[in-house]
2 protein chains.
Amino acid sequence: MDRKIEEILKRNQLSVTSGRKKILELFLQQEGALAHSDIEKRAGEKFDRVTVYRTLQAFLEKGLIHSIPTADNSIRYALCKENCSGGHHHDDHVHFVCSACGNTVCLEGVTVPPIHLPKGFTAEQVEMLVSGVCKSCNS
Amino acid sequence: MDRKIEEILKRNQLSVTSGRKKILELFLQQEGALAHSDIEKRAGEKFDRVTVYRTLQAFLEKGLIHSIPTADNSIRYALCKENCSGGHHHDDHVHFVCSACGNTVCLEGVTVPPIHLPKGFTAEQVEMLVSGVCKSCNS
DNA sequence: ATACAAACGCAACATTGTTGCAAATAATTT
DNA sequence: AAATTATTTGCAACAATGTTGCGTTTGTAT
């Protein structure tokens with residue numbers, strides 16, 4: 001596990017430090033999105049707030065994670081599946097927010113349907129945000 | 001104009017005050033979404049920050065405006081066309097953020113395509129966020 | 001016009017995000 | 001393996017953004 005984590009960091013040209021290992025581990029454990037505050041809490045009081053900000057930013061820049069806009073003004077971050085490595089781009093995809101448990105997940109399998117824009121508008125990226133009840137809360 | 005504004009406020013069971021009239025006027029003038037900071041700036045130094053917060057919240061609750069999540073963690077607000085009056089709900093719709101001018105608009109005419117979720121997931125609301133270049137910036 | 005209810009501004013505070021810099025840690029070189 | 005270099009970290013200080021309580025002002029209803 002530890003080895004895997006270091007590998008991922010190196011593959012993304014990130015020097016491996018205890019903070020980055022810990023935060024990446026959180027992402028790997030939790031199959032969902034994390035807000036900054038989640039990370040602060042779960043990482044214990046071990047790391048400075050600033051470090052968390054900078055780590056997330058570094059992860060973002062390397063394309064290890066991507067950000068998910070939410071309605072409640074708290075950006076969440078989630079691992080990119082097949083490292084959107086290289087640039088910042090990642091394929092359009094669908095995010096699901098459960099209104100029961102509050103969990104946010106990426107629905108990687110679900111494709112974003114094509115959309116018809118008015119004349120003159122050009123689309124670059126499409127983000128879909130579905131809210132509802134997730135699998136575990138429905139059963 | 002002033003009459004129209006008062007009418008809208010009354011229709012939504014909001015007492016008409018100078019602050020609310022001013023902010024509603026901003027929304028009517030600007031055919032796009034406004035962030036809290038926009039409103040503070042454009043309203044001049046006339047109103048307290050707290051008043052703006054509370055006004056937006058009141059407008060939200062009455063269904064006069066709705067909030068639009070954005071990627072940069074700055075919630076924007078836009079008038080609901082046919083007052084989503086009554087409750088908080090408004091129909092699913094598409095928001096467009098122009099990467100050139102930064103303007104955010106609701107594409108009311110564009111319908112959100114149906115989406116196929118994995119088994120066990122139930123959708124309640126769908127939000128689409130398209131980024132790209134808008135009509136005026138494309139010409 | 002008066003009484004009542006709601007909204008306002010102010011102050012104080014909590015939370016969230018940013019920046020500069022010295023010390024600590026990781027990567028690289030010898 | 002030790003020394004050099006580059007990066008990251010934590011701290012402190014700050015800026016921006018939200019929130020709450022409360023006395024005063026303003027709107028609404030009688």
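These values consider heavy atoms only, across backbone and side chains, with no hydrogens, waters or symmetry-generated copies. Chain A is the first sequence line, chain B the second, and so forth, proteins listed ahead of strands; every chain is numbered from 1.
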- What is the nucleic acid contact for A/R49, judged by heavy atoms within less than 4.0 Å: base, sugar-phosphate only, or nothing? base
- All side chain to side chain donor-acceptor pair (under 3.5 Å) counterparts of B/S74, not counting sequence neighbours: B/D72
- Task: Quickly work out the A/Q13 CD to D/dA6 C1' distance and round it to whole Å.
- Result: 15 Å
- Value in whole Å for how far the P atom of D/dG18 lies from CG of B/D48: 14 Å
- Earlier contact from the 5' end, DNA chain D, for A/T51 and B/S18: A/T51
- Message: Side chain of B/Y53 only, heavy atoms from C-beta on: which candidate in D/dG10, D/dT8, D/dT19 is closest?
- Response: D/dT19
- Task: Give the first and the last nucleotide of DNA chain C, reading 5' to 3', that has any atom under 4.0 Å from a heavy atom of chain B.
- Result: C/dA6 to C/dG17
- Task: Ignoring hydrogens and angles, state whether a donor on the side chain of B/R42 or B/Q30 is under 3.5 Å from an acceptor on the partner side chain.
- Result: yes
- Message: Using heavy-atom distances to pick each residue's nearest nucleotide on DNA chain D, tell me which of A/S15 and B/V16 is more 5'.
- Response: A/S15
- Separation of A/L56 atom CG from D/dT9 atom P, in whole Å? 11 Å
- Item | B/D38 side chain vs B/L34 backbone, donor-acceptor pair below 3.5 Å | no
- Item | Worked verdict on A/L107 versus B/F121 for side chain to side chain contact (heavy atoms under 4.5 Å, CB included) | CA-CA 10 Å; A/L107 300 180; B/F121 287 81; 4.2 Å; yes
- Roughly how many Å is it from CZ in A/F47 to P in D/dT9, rounded to a whole number? 8 Å
- For the atom pair NZ (A/K22) and NZ (A/K46), what is the distance rounded to the nearest 0.5 Å? 6.0 Å
- Message: Rounding to an integer number of Å, can you tell me how far B/Q57 CD sits from D/dT19 P?
- Response: 7 Å
- How long is the line joining CG of A/N12 and P of D/dT8, in whole Å? 13 Å
- What nucleotide, of D/dG18, D/dT9, D/dG27, holds the atom closest to the side chain of A/R20? D/dT9
- Message: How many whole angstroms separate atom CD1 of A/I75 from atom C1' of D/dT17?
- Response: 14 Å
- Query: How many Å lie between NZ on A/K10 and C1' on D/dT7, as a whole number?
  - Reply: 15 Å
- So A/F27 and A/F59, would you call those rings parallel, tilted or perpendicular, with 30° and 60° as cut-offs? tilted
- Contact class for A/K46 (heavy atom, under 4.0 Å): base, sugar-phosphate, or nothing? sugar-phosphate
- Item | B/H66 ring center within less than 6.0 Å of B/Y77 ring center | no
